[in-house]
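One structure below.
Everything numeric here is computed off the predicted structure, so don't read it as measured data. Along the sequence shown, residues are numbered consecutively beginning with 1.
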Amino acid sequence: MKKIIFTYGLIFALLAVFAFAGYSTWNVLDPEYTCAQCHEIKPTHQKWKNSIHSKVACVKCHGTAISNGIHSVKEKLGMVVSHFTKDVKNGDIKLTEAQRLDIMKRCANCHKDEVAKWKKGAHSTTYANIFEDKIHNSQEKPYWDCFRCHGMFYEGNINTLMNFDSDDCTKWKIKDTKQCQLPAIPCMACHQIHSEKPKLPNFENCRKSKTPACDIPKTSFYSRADKAHFRTDMLTNVKRYLNGKEVKTSDDPSSKLCSNCHSPNWKREVGTSDDRTPVGVHEGMSCVVCHDPHSNSASDSCIKCHDSKEEKYKFKSGKCPQFISKK
């Protein structure tokens with residue numbers, strides 16, 4: 001009897017070792033021979049191969065089948081079932097908000113400085129800060145277009161998110177309290193993981209050279225309506241006006257991204273709504289000349305271009321990465 005128990009125990013141990021070894025090997029193999037064998041994954045895999053993350057293994061961002069315990073196993077088994085039972089196309093595969101936030105946590109493993117700055121900046125705001133803002137709600141009731149800039153990955157609508165039963169706007173609350181502290185503007189609001197490799201900025205004496213600073217930018221705009229990202233250099237630079245006169249705007253892709261949320265009213269008047277278009281001596285400058293791309297801080301931004309030690313606000317020629325428009 002002992003021999004039988006020992007034999008079965010040994011067989012079970014060997015099977016466990018082989019299973020673990022096979023699973024570990026699967027996770028480190030080239031995805032072209034694993035994940036990308038599924039037709040749904042092939043287009044995404046091709047984008048990944050041409051992206052700046054092409055040297056980063058899939059599991060580093062997406063995790064494994066057991067990364068989050070039972071939740072991950074259930075999720076991956078669901079994908080397998082869909083693969084064999086439905087006509088699933090690549091376009092049908094969309095990450096949920098929870099999956100995006102899970103990936104965002106893994107972003108921090110490599111992008112520690114960027115995430116630290118983001119946490120200190122205004123863009124790390126939560127659902128509660130945005131949708132339960134009593135002052136804002138007293139001026140304008142939250143509606144569907146709020147999701148264009150805040151909570152763009154939320155899977156419901158404004159009525160599934162908010163409770164508007166009371167006539168008192170100060171009592172409007174988010175229904176699911178778990179949603180309250182989630183970030184309303186996560187990393188993937190401005191970045192696409194599977195994007196083409198960006199070229200390094202090309203500056204001469206800290207000024208933009210004749211060669212475009214980024215032929216392929218690192219940023220992208222997520223359209224909730226299309227459920228897709230768009231490269232920021234492909235965005236339209238909307239004309240804006242001040243006292244009826246057109247204002248010069250920067251050709252920098254980052255500014256085009258910013259202006260999609262920090263946009264003026266329907267007349268496109270500078271300074272209205274959430275518009276931050278620079279005017280006066282700063283007309284035509286890119287947002288990132290003064291603002292840190294991740295923290296949005298403008299602290300010490302003036303000294304990039306002006307040296308107050310020599311002469312009050314004297315401009316330091318050749319020291320400002322301006323991204324001035326060619327208009």
Side-chain angles (χ1 to χ4, degrees), residues 51-52 114 118 121-123 144-150 152 185-204 206-298 301 304-305 319-327:
S51 76
I52 197 170
E114 290 85 352
W118 170 82
H123 286 167
W144 64 268
D145 194 47
C146 296
F147 290 124
R148 177 167 55 88
C149 301
H150 309 291
M152 61 283 293
I185 311 175
C187 299
M188 278 179 271
C190 301
H191 295 286
Q192 182 180 8
I193 297 174
H194 295 170
S195 59
E196 298 170 87
K197 289 182 180 179
K199 296 182 180 179
L200 293 175
N202 188 5
F203 290 103
E204 294 173 359
C206 294
R207 284 182 177 273
K208 181 182 176 184
S209 72
K210 294 180 180 179
T211 305
C214 277
D215 286 344
I216 301 174
K218 295 180 180 179
T219 50
S220 63
F221 173 71
Y222 181 79
S223 169
R224 178 179 171 85
D226 298 288
K227 296 188 183 302
H229 281 91
F230 295 90
R231 271 174 33 189
T232 47
D233 61 333
M234 300 175 70
L235 298 175
T236 300
N237 204 347
V238 178
K239 293 182 179 180
R240 274 149 279 181
Y241 302 90
L242 180 62
N243 299 324
K245 182 181 178 181
E246 184 179 346
V247 175
K248 289 181 181 179
T249 53
S250 173
D251 291 323
D252 177 27
S254 294
S255 281
K256 294 180 182 180
L257 172 63
C258 298
S259 64
N260 270 277
C261 288
H262 295 285
S263 54
N265 62 12
W266 64 276
K267 290 183 179 180
R268 291 179 276 176
E269 295 173 316
V270 168
T272 57
S273 297
D274 292 320
D275 181 66
R276 300 291 188 273
T277 304
V279 294
V281 295
H282 298 122
E283 183 177 340
M285 277 184 155
S286 166
C287 304
V288 297
V289 170
C290 297
H291 295 276
D292 183 281
H294 289 97
S295 71
N296 319 121
S297 172
S301 60
K304 294 178 183 177
C305 305
K319 297 297 182 182
C320 188
Q322 293 184 57
F323 288 102
I324 292 294
S325 172
K326 298 177 182 177
K327 294 179 182 178

Worksheet entry | Backbone N/O of N260 and side chain of R148: donor-acceptor pair under 3.5 Å | yes
Worksheet entry | Smallest separation among heavy atoms of D252 and S250, with atom names | N-OG, 3.0 Å
Worksheet item: From M285 CE over to T249 OG1, what is the distance, rounded to the nearest 0.5 angstrom?
Response: 14.0 Å
Discussion item. If you define the side chain from C-beta out and look only at heavy atoms, does anything of P264 sit under 4.5 Å from S273?
Written reply: no
Worksheet item: Counting N and O atoms only, with roles assigned by atom type, does the side chain of S255 sit under 3.5 Å from a partner on the main chain of C287, one being a donor and the other an acceptor?
Response: yes
Discussion item. Please find the pair of heavy atoms, one from V288 and one from P293, that lie closest to each other, and give the distance.
Written reply: CG1-CG, 4.1 Å
Fill in: Non-hydrogen side-chain atoms of E246 and Y241 separated by less than 4.5 Å
yes
Item to complete: Measure from the side-chain N and O atoms of T277 to the backbone N and O of V270, and report whether any donor-acceptor pair falls under 3.5 Å.
Response: no
Discussion item. Quick check: closest heavy atoms across T232 and F221, and the distance to 0.1 Å?
Written reply: CG2-N, 4.1 Å
Worksheet item: Can you find a pair of side-chain heavy atoms, one from W118 and one from C187, that are under 4.5 Å apart?
Response: no
Worksheet item: Quick one: ring-ring contact (aromatic ring centres under 6.0 Å, His included) partners of H294, sequence neighbours excluded?
Response: H191
Fill in: Approximate separation, where rounding is to 0.5 Å, of R231 CZ and L257 CG
14.0 Å
Discussion item. When you measure from the side chain of S220 to the backbone of Q192, do you find a donor-acceptor pair of N or O atoms at a distance under 3.5 Å?
Written reply: yes
Worksheet item: What is the distance from atom NZ of K218 to atom CD1 of I52, rounded to the nearest 0.5 Å?
Response: 5.5 Å
Discussion item. Testing the basics here: between T219 and S254, what is the closest heavy-atom pair and its distance to 0.1 Å?
Written reply: OG1-OG, 4.4 Å
Worksheet item: Where is the tightest heavy-atom contact between I185 and C149, given as atom of each residue plus distance?
Response: CG1-O, 3.6 Å
Worksheet item: Any donor and acceptor pair, going by atom type alone, linking the side chain of T272 with main-chain N or O of N265 inside 3.5 Å?
Response: yes
Worksheet entry | Partner set under ring-ring contact (aromatic ring centres under 6.0 Å, His included) for Y222, not counting sequence neighbours | F153, H229
Fill in: Residue list, ring-ring contact (aromatic ring centres under 6.0 Å, His included) with H291, at least two apart or on another chain
none
Worksheet item: Is the shortest heavy-atom distance from the side chain of P217 to the side chain of K256 under 4.5 Å?
Response: no
Fill in: Heavy-atom closest pair, residues R240 and S259
NH1-CB, 3.7 Å
Discussion item. Is it the case that over 12 heavy atoms from other parts of the model lie below 6.0 angstrom from the CG atom of N243?
Written reply: no
